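Numbering of ligands and ligand atoms starts at 1, following listing order. Values in this document were obtained by computation on a predicted structure and should not be read as measured data.
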Amino acid sequence: MTETVFTRQPHLSPLSDAERAEILENPGFGDVFTDHMVSIDWTWDEDGGRWHDARVEPYGLLSLDPSAAVLHYGQEIFEGLKAYRHADGSVWTFRPEANAARLNRSAQRLALPELPEELFLDSLREIVAADRDWVPSGDGQSLYLRPFMFASEAFLGVRPAKQVRYMVIASPAGNYFGGELKPVSIWVSREYARAGRGGMGAAKTGGNYAASLLPQLQAAQQGADQVVFLDQYHDDSVEELGGMNVFFVFRDGRIVTPELTGTILEGVTRSSILQLARDMGLAVEERRITLAEWAEGVRSGEIAEVFACGTAAVVTPIGRLLDGDDVIESAGGTEVTLRIRRELLGIQTGAVEDRHGWLRRLV
Ligand SMILES: *Cc1c(COP(=O)(O)O)cnc(C)c1O
C-alpha cells in the first residue's frame, strides 16, 4: 500500500499565545476548538473505493450540499480519545489502536468504508503536530480528539454513500463534570432505550446519542445528572449511561460490569479498567446485573461503590439512583473508584508506569 501523504495548509491567523493561554486556563469541555482540522475524502469505485486528499487545514466551516446523505439518514460515526502532555513536554495518547478498531467496527455497521489503522494514527499525529501548543498541561487537562466520518455524497436515495469524509477536530478539555469529583445522580429510563436488538448500540454513532437526548432531558427534569438505560432483552438489567459504561464494586473484592450484548458500547476505558482491576487482585465479572441486585446490594452493603467510566469523564462515582418513585441511595464508598481513577489517569499522564504498553507518542 502506498503511504498517504498529508498536505498541510497552516492557519494564517492562529490565536495568539496570550489568547490560547487564557482559554487553556479553563477550557471547559467541547466549547473551543484548535486552529486546525484534518480531512480525508473517500470515493467509491469498482475496486471498493479509496481514501484520498488527506490534508491539514485551518479549522473552519464545512461546505456541504443540502442533500448530503448524513443530513437525512444519519450515516455517521465518531470516536473520542485524549492527548496528554507529559512532564517532559512530549504528547501521548492512550490505546489509539482500540479506537481505530472500534471506528472500523462502527463503519461496518453503518455501511461506511473502513479507515486503515495507520491512516487513523497518522491523522491523530497530524492534528496534534499542527496544534501541539493547544495540548494543556494542567491537572486533569488534555486535548480531546474527535475523529468522525460521515456520508458527504449529495444524493437523496437510500443506499450507502459513495462519497464519504473522515475528519479530526480537537478541543482542549478540563474536567468533564466540572472541578471536584462529586458523585453523579442517575435516573432510570423506563420508557426509552438508546439501542435495541439488532440495532446500532455497539456502534459509536450520532443516532444513538440522538435517541438518548429526550430521556436525558427527562432525567434532568427529575433532578438527575444522567440517564441509565436498561437491557431491552430483560428490561430489568442495567446497560449503560447515554455515553458511559457502568461498574459495581462489591465489598468482597468483586467488580462487576454489564456484559457486552451488542447493545452496549464497548468502551476503551471499560476494557482498561477490567485489566487494572485484575492487576489489583479484584475478581472481574462481566454479566447481567439487575436493578434489583443494585438496590439490594446497596441496602445490604454488599455493593460498596458504583461508578461510570468513559474517555471524557474518565471515572466518576455514581451516587443515588432514581427509578420512578423508588430511590436507591448512594452506595457511599469511593475507595476503589478513586484508586482506579488515579491509576488510569496516572498511566495516561505519564505519572504511573505504563505496564501494559498502552501509550503511543504523538509528538
Ligand atoms: C464512547 C462511549 C462510551 C465510552 O467509551 P470509551 O472508549 O471508554 O470512551 C460508553 N458508552 C457510549 C454509548 C459511548 O458512546
Going by the order shown, which atoms of ligand 1 are within less than 4.0 Å of some heavy atom of [X]?
| X | value |
| --- | --- |
| G242 | 13 (C) |
| R194 | 13 (C) |
| T311 | 6 (P), 7 (O), 8 (O), 9 (O) |
| R102 | 5 (O), 6 (P), 7 (O) |

> Measuring from E76:CD to R165:CZ, what's the distance to the nearest 0.5 Å?
Replying inline: 14.0 Å

> Quick one: ring pair (Phe, Tyr, Trp, His ring centres under 6.0 Å) pairs with a partner in residues 340-363, sequence neighbours left out?
Replying inline: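 Residue pairs with at least one partner in residues 340-363: F94-W358, H356-W358.
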
>> Once ring pair (Phe, Tyr, Trp, His ring centres under 6.0 Å) is applied, what residue pairs with a partner in residues 234-278 remain, sequence neighbours excluded?
In response: F247-F307, F248-W294

>> Between Q275 and R355, does the side-chain contact (heavy atoms from CB on, under 4.5 Å) criterion hold? Intermediate values first, please.
In response: CA-CA 11 Å; Q275 182 61 52; R355 297 186 304 275; over 6 Å; no

> Is R159 close enough and on-axis enough to F155, meaning under 6.0 Å and within 45°, for cation-pi?
Replying inline: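 Checked: cation-pi criterion met.
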
Identify the protein heavy atom lying closest to [atom], giving its residue, its atom name and the separation to 0.1 Å.
| atom | result |
| --- | --- |
| atom 3 (C) of ligand 1 | G243 O, 3.3 Å |
| atom 8 (O) of ligand 1 | T269 OG1, 2.6 Å |
| atom 5 (O) of ligand 1 | G267 CA, 3.3 Å |
| atom 11 (N) of ligand 1 | E240 OE1, 2.5 Å |
| atom 15 (O) of ligand 1 | Y209 OH, 2.5 Å |
| atom 14 (C) of ligand 1 | K204 NZ, 3.0 Å |

>> Using the ring centroid of each side chain, check whether W92 and H86 are separated by less than 6.0 Å.
In response: yes

>> Check for me whether the distance between the ring centres of F29 and Y144 falls short of 6.0 Å.
In response: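 Yes, close enough.
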
> How are the rings of F120 and Y166 set relative to one another: parallel (under 30°), tilted (30 to 60°) or perpendicular (over 60°)?
Replying inline: tilted

>> Looking at non-hydrogen atoms alone, which of L241, T263, V268, V314 comes nearest to atom 7 (O) of ligand 1?
In response: V268

